[in-house]
Amino acid sequence: MQFKATIIANQEVSPGYFRMRITAPPELAGAQPGQFVMVRVRDAIDPLLRRPFGIFDVGTVPSEYPGCSSATYLEMLYKVVGKGTEALSTYHHGDHVDIIAPLGTGFDLGDPEEEKILVGGGIGIAPLYYLAKALVGRSRVRFFLGGRTRDDILCVTEFERLGVETYVSTDDGTLGDRGLVTEVMERHIREEGRKKTIYACGPMPMLKAVAGIARQTGTPCQVSLEAYMACGMGACLGCVVKGRDHGDETPDYRCVCKDGPVFAFDQLMWV
Amino acid sequence: MNRPDLSVEIAGIKLRNPVMTASGTFGYGEEFAAYVNLEKIGAIITKGLSLKPKAGNPTPRIQETTGGMLNAIGLQNVGIDAFIEKKVPFLRTVNTPAIVNFFGNTVEEYAELAERLDKIPEVAGMEINISCPNVKHGGIVFGTEPKAAYSVVKAVREATIKPVIVKLSPNVTDIVEMAWACADAEADALSLINTLTGMAIDLKSRRPILANVTGGLSGPAVKPVALRMVWQVAKAVKIPVIGIGGIMSGTDALEFMLAGATAVQVGTANFLDPAASERIAAEMERYLVSNEIADVKELIGALQV
């Protein structure tokens, strides 16, 4: 659905990273973890296109006034990377943005008996918080969070508050373990124990490494992809990725916006 | 005053208003049904179709530019068999004419597609893409040489009794010459402009941003070029012209009609505002009401030079 949202808060949580809370219609409470929103940053022609953001959180707060209905909110976590996010970062409480949401196919929560391994790289943690919220209480959840340096590690406290076991690593060792998040995660995946499922979101090299580990260890794995897109509804075909059966004569392109952004790793072509 | 008349006719296709959706920006209609009332727009023009499914170009395929966007999708589409099986049933449920955009690699392929589309009752008309700038073999030749354009339009004309619209490329020296060739081959109408070939460069990596290197520019940035070409072509031919290029508002659409367009297509605007086509038609109606114009057709070619 398409709606005008009012910004409730827009806070810089780490240098260059913002967490924005906006008002949303009650229907948004039904959004699935892993779905995304398209934001029209300005009612102008520059920036022209909407920008896609993963849903960081959706919730409902009780009304401050007795007898009034409760209010739904939606949160996005974003990194300032260009014209669109730069403009967005200047917004304050009370400003408005135009939203299309929820879009796309989200995560499959799977069997509660399995242990859930969440892997996030940098801003890739954005869709994992809402996922963790849906998983805790059902399943054991461990969250592996990596970044280049400590400023790229976001919202650790929020995950811990959910009761998620959180493991932090940085490439330069300024926070948590030194090294790649995939290396830390791999050690835990190879532990004996109950069956596991991996949920990953982050930069492509990280996702490739995660997919490799999933394949080697025979662990089911879902990845959430990021892509440039113009429409978010399967029309522009700008955001496609190659599916497992892709060939020149037998095209198998999948739209990140509609078939994804979440895919089972074995549905994609990783070369 | 009574509600103004927004209806127009293109080659026998009756449109409730002049706003159509441009091919490649609106899928097969179904994708947008949740956001726009498809029965408030003039016509739906579907994604360019070929005989066989087409993979399209590698990614990155799109890039925003100032006031516009570049695309090099490479005509990815499901092919005519899947179109008939999976897309036509939805179009049947919508009380709005569906016009099918299509392309081929050879004159024979164009004719074969036209012949097959001719048999589908849900297809109100056809728009021939002779102008996509992204495909190395095929479209580009037909779209830039008047003789080649003539032969492909002629072959399609002989393969169908349905209305035939030819979509023209702006990437030519003289668009009027192309328009004449298509009109000589008995096209029923012309639509213009397709995208302008452009490119975007990433200074940091010293590489082009699109995998295809070049792409087609669309959006508000191209509107002045489009207006000029519509004006030139509309003066030169007797068949109706459909204006395309950066239309974002009712005002934009009416400017194209003044330049000589009988109808318009909304393209890039659908991406940022999925209800753009419906909104633009409503804005046109409001303009007519507030300026006491009874019939939108009064504005076609009414430009005072």
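Note that the structure is predicted; figures quoted are calculated from it, not measured. Residue numbers start from 1 in every chain, and the chains themselves are labelled A, B, ... in the order their sequence lines are given, proteins ahead of strands.
Applying a 4.5 Å heavy-atom cutoff, the residues of residues 33-43 of chain B that approach chain A are B:Y35. Near-neighbour residues of residues 84-94 of chain B relative to chain A, defined by a heavy atom under 4.5 Å from a heavy atom of that chain, are none. Of all residues in residues 253-265 of chain A, those placing a non-hydrogen atom less than 4.5 angstrom from a non-hydrogen atom of chain B are A:Y253, A:K258. Using non-hydrogen atoms only and a strict 4.5 Å limit, the part of residues 83-107 of chain A facing chain B consists of A:K83, A:I100, A:L103.
Most heavy-atom pairs under 4.5 Å with chain B: of the set A:G238, A:A227, A:G82, A:G247, this distinction falls to A:G238. Comparing A:C236, A:G234, A:G232, A:C239 by how many heavy-atom pairs each has under 4.5 Å with chain B, the most go to A:C236. Top candidate by heavy-atom pairs under 4.5 Å with chain A, chosen from B:P53, B:P274, B:G24, is B:P274. If you tally non-hydrogen atom pairs under 4.5 Å between each of A:M229, A:R51, A:H246 and chain B, the highest count goes to A:R51.
Shortest non-hydrogen contact noted between B:G27 and A:A235 is N-CB, 3.7 Å.
Annotation for B:D202: atom CG counts as buried by contact number, over 12 foreign heavy atoms lying within 6.0 Å. The number of heavy-atom neighbours closer than 6.0 Å to NZ of A:K133, taken from other residues, nucleotides and ligands shown, is above 12. Within a 6.0 Å radius of CD in B:E278, more than 12 heavy atoms belonging to other residues, nucleotides or ligands are found.
The part of A:M1 that comes within reach of chain B is its backbone (N, CA, C, O), which places non-hydrogen atoms under 4.5 angstrom from that chain.
Within the 4.5 Å cutoff, side-chain heavy atoms of B:E64 are placed close to those of A:P47. Side-chain contact between B:F271 and A:R50 is absent, with no heavy atoms from C-beta onward closer than 4.5 Å. Annotation: side chain of B:P220 is in contact with side chain of A:L48 (closest heavy-atom distance under 4.5 Å).
Residue B:L75 holds its CG atom at 10.5 Å from CG of A:L237, rounded to the nearest 0.5 Å. Atom OG1 of B:T65 is separated from atom CG of A:D46 by 9.0 Å, given to the nearest 0.5 angstrom.
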Could you go through the side chain to side chain contact (heavy atoms under 4.5 Å, CB included) check for B:T59 and A:V240 one step at a time? CA-CA 7 Å; B:T59 56; A:V240 297; 3.9 Å; yes
